[in-house]
S.K.: 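Okay, handing you the structure first.
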There are 2 protein chains.
Amino acid sequence: MVFHALSDPTRRLIVERLGQGAASVSELAAPLPMSLPAVVQHLQVLEASGLVASEKVGRVRTCRLVVKRLDTVQDWIDERRRTWERRLDRLGDFLDEQARNDRTNPTNHTTEEQS
Amino acid sequence: MVFHALSDPTRRLIVERLGQGAASVSELAAPLPMSLPAVVQHLQVLEASGLVASEKVGRVRTCRLVVKRLDTVQDWIDERRRTWERRLDRLGDFLDEQARNDRTNPTNHTTEEQS
DNA sequence: CCAATACTTAAGTGTGTGCTTAACCAATCG
DNA sequence: CGATTGGTTAAGCACACACTTAAGTATTGG
């Protein structure tokens, strides 16, 4: 749900704001060009995703960023990169092998037995 | 657009698949539980976001992952973390200052002048 | 106690998204 | 050639999404 939560520009703005420290719902809503209920709906999505936590004290709900949750995205990205680099390594191995074959058996680019 | 592109599970699957190397449209579609046009639509979103590039040779379109484009997400995440840590630093400074005041002037937790 | 503040809930609306089927086009194969 | 493969285009449909306004509920300050 984290990717979905971050797919909306308004929600990313809210996350950016919360990166600078906790804030109340109306503080978050103030700079945004939409009604307060709309902001609350965004906050619900963010909270459901685990990116934001909040607690109500008196009549004011204070929201904070759950930085740890950013790992979800980070990890996914990292995994893609790792897979990609492993692929390049294998490609390198393949080319090395080809080069070896070329030296021992020029013009034949496979490893199959000769009949 | 990158965040939006990655918000869909099917598109993330496609990116994961392309992480292991380039693939044709039908290769990408084969394991997915939907029609080929649906997959093509996902590929269009991914291509518009810059995460995927493709070129057609003969009648087969080969798609590849643009790993570099993952930086967009990575950078945003990193920036959030940096902001967060700067905030914690400032909080640390504030607490240090308080501790200093506590030692020189116990019971007064502000820095204002005594009248 | 009354009014203002800080949300909260509910209901409705236009638009976007993910998918479908059907028809089509172009390259390749027997 | 005609059939198959690989992909594209178009139209339509159901549901999700980002909002809105209106009406509520607590909490708090005067």
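Just so we're on the same page: letters track the sequence lines, and every chain starts at 1. The analysis underlying the following values was restricted to heavy atoms, covering all of them including side chains, and did not include hydrogens, waters or symmetry mates.
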S.K.: Using 4.0 Å as the upper bound for N to carboxylate O, is an ion pair formed by A/Arg81 and B/Asp71?
M.R.: yes
S.K.: Does B/Arg87 make a cation-pi contact with B/Trp84, if we ask for NZ or CZ under 6.0 Å from the ring centre and within 45° of the axis?
M.R.: yes
S.K.: With side-chain contact (heavy atoms from CB on, under 4.5 Å) as the test, would you mind laying out the steps for A/Val67 and B/Glu85 before giving the verdict?
M.R.: CA-CA 10 Å; A/Val67 198; B/Glu85 269 146 36; over 6 Å; no
S.K.: Taking all heavy atoms of B/Leu18 and all of B/Ala23, pick out the closest pair and write down the distance.
M.R.: CD2-N, 3.9 Å
S.K.: Considering only nitrogen or oxygen atoms on both sides, find all protein atoms under 3.5 Å from nucleotides 10-15 of chain D and state each distance.
M.R.:
none

S.K.: Taking the basic N atoms (NZ, or NE/NH1/NH2) and the acidic carboxylate oxygens, is any pair closer than 4.0 Å for B/Glu79 and B/Arg86?
M.R.: yes
S.K.: Who passes side chain to side chain contact (heavy atoms under 4.5 Å, CB included) against A/Val40, sequence neighbours left out?
M.R.: A/Val25, A/Leu36, A/Gln44
S.K.: 5' to 3' on DNA chain C, which nucleotides open and close the contacts with chain B (atom under 4.0 Å from a heavy atom)?
M.R.: C/dT17 to C/dT28
S.K.: Students often get this wrong, so: under 4.0 angstrom with heavy atoms, is A/Ser26 touching a base, only sugar-phosphate, or nothing?
M.R.: sugar-phosphate
S.K.: Answer yes or no: is there a donor N or O on one side and an acceptor on the other, between the side chain of A/Arg12 and the main chain of A/Leu6, under 3.5 Å?
M.R.: yes
S.K.: Residues from residues 10-21 of chain A sitting under 4.0 Å of DNA chain C, heavy atoms only?
M.R.: none
S.K.: Does the side chain of B/Cys63 come within less than 4.5 Å of B/Leu43's, by heavy atoms?
M.R.: yes
S.K.: Output the residues of residues 48-66 of chain A in contact with DNA chain C, where contact means a heavy atom of the residue under 4.0 Å from an atom of the strand; sort by number or write none.
M.R.: A/Lys56, A/Arg59, A/Val60, A/Arg61
S.K.: Whole angstroms only, please: what is the NE2-P distance between B/His4 and D/dA16?
M.R.: 16 Å
S.K.: Judged by each residue's nearest nucleotide on DNA chain C, which is more toward the 5′ side, A/Gln44 or B/Leu36?
M.R.: A/Gln44
S.K.: Give me each pair satisfying salt bridge (charged side-chain N to carboxylate O under 4.0 Å, His left out) with a member in residues 16-32 of chain A, each pair once, sequence neighbours excluded.
M.R.: A/Glu16-B/Arg80
S.K.: For B/Arg11 and B/Leu46, indicate whether the former's side chain and the latter's backbone hold a donor-acceptor pair under 3.5 Å.
M.R.: no
S.K.: After noting the C-alpha distance and the side-chain angles of A/Thr72 and A/Leu51, does the key distance pass the side-chain contact (heavy atoms from CB on, under 4.5 Å) rule?
M.R.: CA-CA 10 Å; A/Thr72 311; A/Leu51 279 168; over 6 Å; no
S.K.: Would one find a side-chain N or O of A/His42 under 4.0 angstrom from OP1 or OP2 of D/dC17?
M.R.: no
